[in-house]
Amino acid sequence: MELYDVIIIGGGPGGLSAAYSAYRNGAKKILVIERDRELGGILQQCIHNGFGLHHFKEELTGPGYAGRCIALIQDKPEIRALTDTMVLSVSKDKKVTAVNPEKGLFTVEGKTVILTMGCRERTRGAIRTAGERPAGVFTAGAAQRMVNMEGYLPGKKIVILGSGDIGLIMARRMSLEGCKVQAVCEICPYSNGLTRNMVQCLYDFDIPLYLSHTILKIKGRDRVEGVTVAKVDEKMQPVPGTEFDIECDTLLLSVGLIPENELSMAAGVEIAPFTNGPRVDQRRQTNLPGIYAAGNVVHVHDLVDFVSDEAEIAGKFAALEAQGSLTPAVNTVEVSPVNGIRTCVPQVLHLPEGGEPVRLFMRAGAPDRKVTLEVKCGGEVLVKKMLPVVKPSEMVTLDIPAAKTALMHDKITVGLQSK
Amino acid sequence: MNCIMCPMGCEMTVTLENGRFAGVTGNSCPRGAKYAETEVTDPRRMLTTTVRIKGGLLPLLPVVSAEVLPKGKVADCAAYLRNVTVEAPVQAGDVIVPDILGLGVDIVASRDMEKVND
């Protein structure tokens with residue numbers, strides 16, 4: 001069985017950044033396995049710009065960002081990439097079984113494995129909307145792939161449910177292709193997308209946004225003919241008497257993303273609540289020794305730049321472990337989100353003697369202004385940072401220097417304090 | 001208007017005198033003031049869309065405007081590009097349509113697209 005230093009499952013921005021980082025940190029034999037026909041992952045269908053400002057210090061399109069990541073690993077004898085190859089299982093002892101048309105079924109072994117499978121969209125089944133099963137209901141990402149890569153339009157008259165970034169971006173994209181976007185409906189009282197997308201994707205095209213509204217029913221038997229929309233109360237329950245109909249032939253759903261962890265769970269990787277991804281430490285190691293995870297498979301990011309940053313962490317430590325040069329951890333610290341912070345990655349720290357620099361990635365539970373982010377241990381504030389604004393849609397990061405992590409014991413909390 | 005320069009998303013109010021920019025309130029920083037002025041006097045946007053491509057791995061090639069375009073012309077440019085077809089191979093950065101609609105901005109390829117033999 002062929003033995004690799006690092007095997008990476010998934011050739012999107014996470015997998016490619018992890019591969020490059022593993023290479024730079026001395027790994028000599030790296031394998032990237034991708035199920036699609038080419039590398040780059042979902043970025044290849046995200047043709048809009050706005051990527052890369054943090055990571056490459058330059059504004060790029062999705063395919064542009066993917067191209068940069070691919071160029072970093074190309075022509076390096078240490079890195080091998082297999083496309084059109086589906087991983088069927090990953091075992092606790094880091095054996096990876098996959099299948100492709102050329103080699104058939106095969107198994108390879110890694111000294112370390114990095115999980116970078118990304119996430120997938122929630123579908124109509126997840127939101128249980130009433131109605132028949134007509135053609136014309138798509139997830140926003142599926143429609144994006146049709147329009148941007150395959151050359152088909154899913155319909156002409158569109159309603160979008162969910163105001164996350166993918167929904168907003170698709171509202172603009174369908175408009176530019178000559179479709180009429182009738183409305184975007186959002187069940188929350190605030191948009192879940194970035195402000196720049198609200199302005200450039202909705203306001204620019206005079207597309208109405210219905211906040212605190214949801215779709216009660218999809219009308220039509222063979223093809224979507226319209227949707228019934230209603231206002232919702234504070235408990236997100238429809239308010240009787242507020243129903244109205246919108247005519248459309250297509251409904252796009254942008255109702256959330258789910259980290260894709262079937263392989264992780266089958267391997268025995270522990271999944272954390274709320275993030276629905278592997279519970280990882282600051283090196284992105286899961287509960288299984290030698291198995292690391294990074295990017296959207298761990299928690300859904302809003303910027304690919306942070307996916308790359310996180311994957312570089314996993315790539316580095318996986319490479320060091322494969323070479324036997326990982327500094328052993330002597331101190332285990334649990335990380336608990338409190339007061340207004342809903343999720344925090346990593347969920348646990350395994351710190352070596354003298355500590356180690358740690359970056360926390362957090363998401364707030366609700367929008368707020370002028371708050372202080374505090375990291376506390378045993379009632380003492382170790383690090384704090386003023387935040388002029390927090391939104392659930394925009395991830396918050398905090399760097400903790402090694403010296404501060406050396407003061408930690410047992411458990412830390414991260415939370416928001418209002419002025 | 002909403003500022004889009006950073007996550008703050010300040011609500012700004014712009015004052016116009018005889019149709020000309022006269023001042024802004026509600027912004028928290030100079031970048032907001034600059035955005036507000038451009039947005040009321042000469043709003044511009046990037047355009048990303050696709051053109052058809054023959055002989056490539058995919059039937060579509062993603063393209064991007066090399067610079068921002070006048071906001072009012074974005075839809076016209078997108079409509080124009082719907083009828084453009086190119087031949088593979090193409091390299092990221094290749095000019096697909098020079099000086100689109102005489103606006104002085106090139107439309108360039110967002111990615112490489114190899115020629116596929118079949």
Side-chain angles (χ1 to χ4, degrees), chain A residues 37-38 40 43-51 59-68 70-71 74 145-153 169 172-173 175-178 190-191 193-205 302-303 367 369-370 387-391 393-396, chain B residues 1-12 28-29 32 35-36 39 43-54 56-69 71-72 74-83 85 90-93 107-114 116:
Chain A
R37 59 199 163 194
E38 56 180 345
L43 283 173
Q44 299 285 20
Q45 70 180 53
C46 301
I47 64 165
H48 51 282
N49 61 314
F51 301 95
E59 187 163 14
L60 300 166
T61 64
Y65 193 105
R68 291 290 181 91
I70 294 167
Q74 248 168 5
R145 189 170 173 106
M146 288 168 74
V147 176
N148 291 346
M149 294 181 82
E150 315 292 348
Y152 303 100
L153 277 184
I169 296 278
R172 171 174 62 187
R173 188 71 196 109
S175 303
L176 285 174
E177 286 296 335
Y190 48 86
S191 162
L194 304 171
T195 314
R196 70 173 185 219
N197 287 335
M198 296 283 295
V199 172
Q200 300 194 347
C201 300
L202 295 188
Y203 305 163
D204 276 10
F205 295 91
D302 32 73
L303 297 179
R369 280 178 183 273
K370 295 207 171 90
L387 300 171
V389 61
V390 290
K391 294 179 184 180
S393 59
E394 299 190 18
M395 208 153 69
V396 179
Chain B
M1 72 170 70
N2 269 105
C3 185
I4 61 168
M5 298 310 287
C6 83
M8 290 272 290
C10 293
E11 277 285 343
M12 307 188 292
S28 313
C29 74
Y35 170 76
E39 194 61 14
R44 285 177 175 256
R45 296 285 186 267
M46 294 292 284
L47 169 63
T48 56
T49 184
T50 54
V51 297
R52 299 202 169 269
I53 185 164
K54 280 189 181 156
L57 176 68
L58 305 177
L60 296 177
L61 174 75
V63 295
V64 57
S65 56
E67 288 165 53
V68 283
L69 294 159
K71 183 176 142 186
V74 166
D76 293 344
C77 292
Y80 178 83
L81 290 165
R82 260 180 256 151
N83 296 312
T85 303
V90 170
Q91 296 254 296
I107 301 295
V108 301
S110 295
R111 59 169 286 176
D112 298 347
M113 189 79 73
E114 295 297 320
V116 175

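Labels below follow one simple rule: chain letters A, B, ... track the order of the sequence lines, proteins then strands, and each chain is numbered from 1. Since this is a predicted model, take the numbers as computed values, not measurements.
When A:H48, A:M149, A:R172 are compared by the number of non-hydrogen pairs under 4.5 Å with chain B, A:M149 comes out ahead. Put simply, of B:A78, B:P43, B:P59, the one with the most heavy-atom pairs under 4.5 Å next to chain A is B:P59. Of the residues considered (A:E177, A:Q44, A:E150), A:E177 shows the highest number of contacts with chain B, using heavy-atom pairs under 4.5 Å. Annotation: maximal heavy-atom pairing with chain A below 4.5 Å, among B:M1, B:R82, B:K71, B:R52, occurs at B:R82. For the options A:D204, A:I70, A:L60, heavy-atom pairs under 4.5 Å to chain B are most numerous at A:D204.
Contacts between A:V390 and chain B at a heavy-atom distance below 4.5 Å are absent for every atom of the residue. Heavy atoms of B:L47 lying under 4.5 Å from chain A belong exclusively to its side chain. Residue contact with chain A, scored on non-hydrogen atoms closer than 4.5 Å, involves the backbone of B:C3 exclusively. For a residue to count as touching a neighbouring chain, one of its non-hydrogen atoms must lie under 4.5 Å from one of that chain's; by this rule A:L176 touches chain B with backbone and side chain alike.
Shown are B:L58, B:L61, B:V63, B:L60; of these, the side-chain contact (heavy atoms from CB on, under 4.5 Å) with B:I53 is made only by B:L61.
For B:K54, the NZ atom counts as loosely surrounded, since its 6.0 Å shell holds 12 or fewer non-hydrogen atoms of other residues, nucleotides or ligands. By the 6.0 Å contact criterion, OH on A:Y152 is open, its count of non-hydrogen atoms from other residues, nucleotides or ligands being 12 or less. Other residues, nucleotides and ligands contribute at most 12 non-hydrogen atoms within 6.0 Å of the OH atom of B:Y80.
When the side-chain contact (heavy atoms from CB on, under 4.5 Å) test is applied to A:Y203, the partners found at least two apart in sequence or on another chain are A:M198, A:V199, B:N2. For A:E59, the side chain to side chain donor-acceptor pair (under 3.5 Å) partners two or more places apart in sequence, or in a different chain, are A:N49.
From B:L69, atom CG reaches atom CD1 of B:I107 across 5.5 Å, with rounding to the nearest 0.5 Å.
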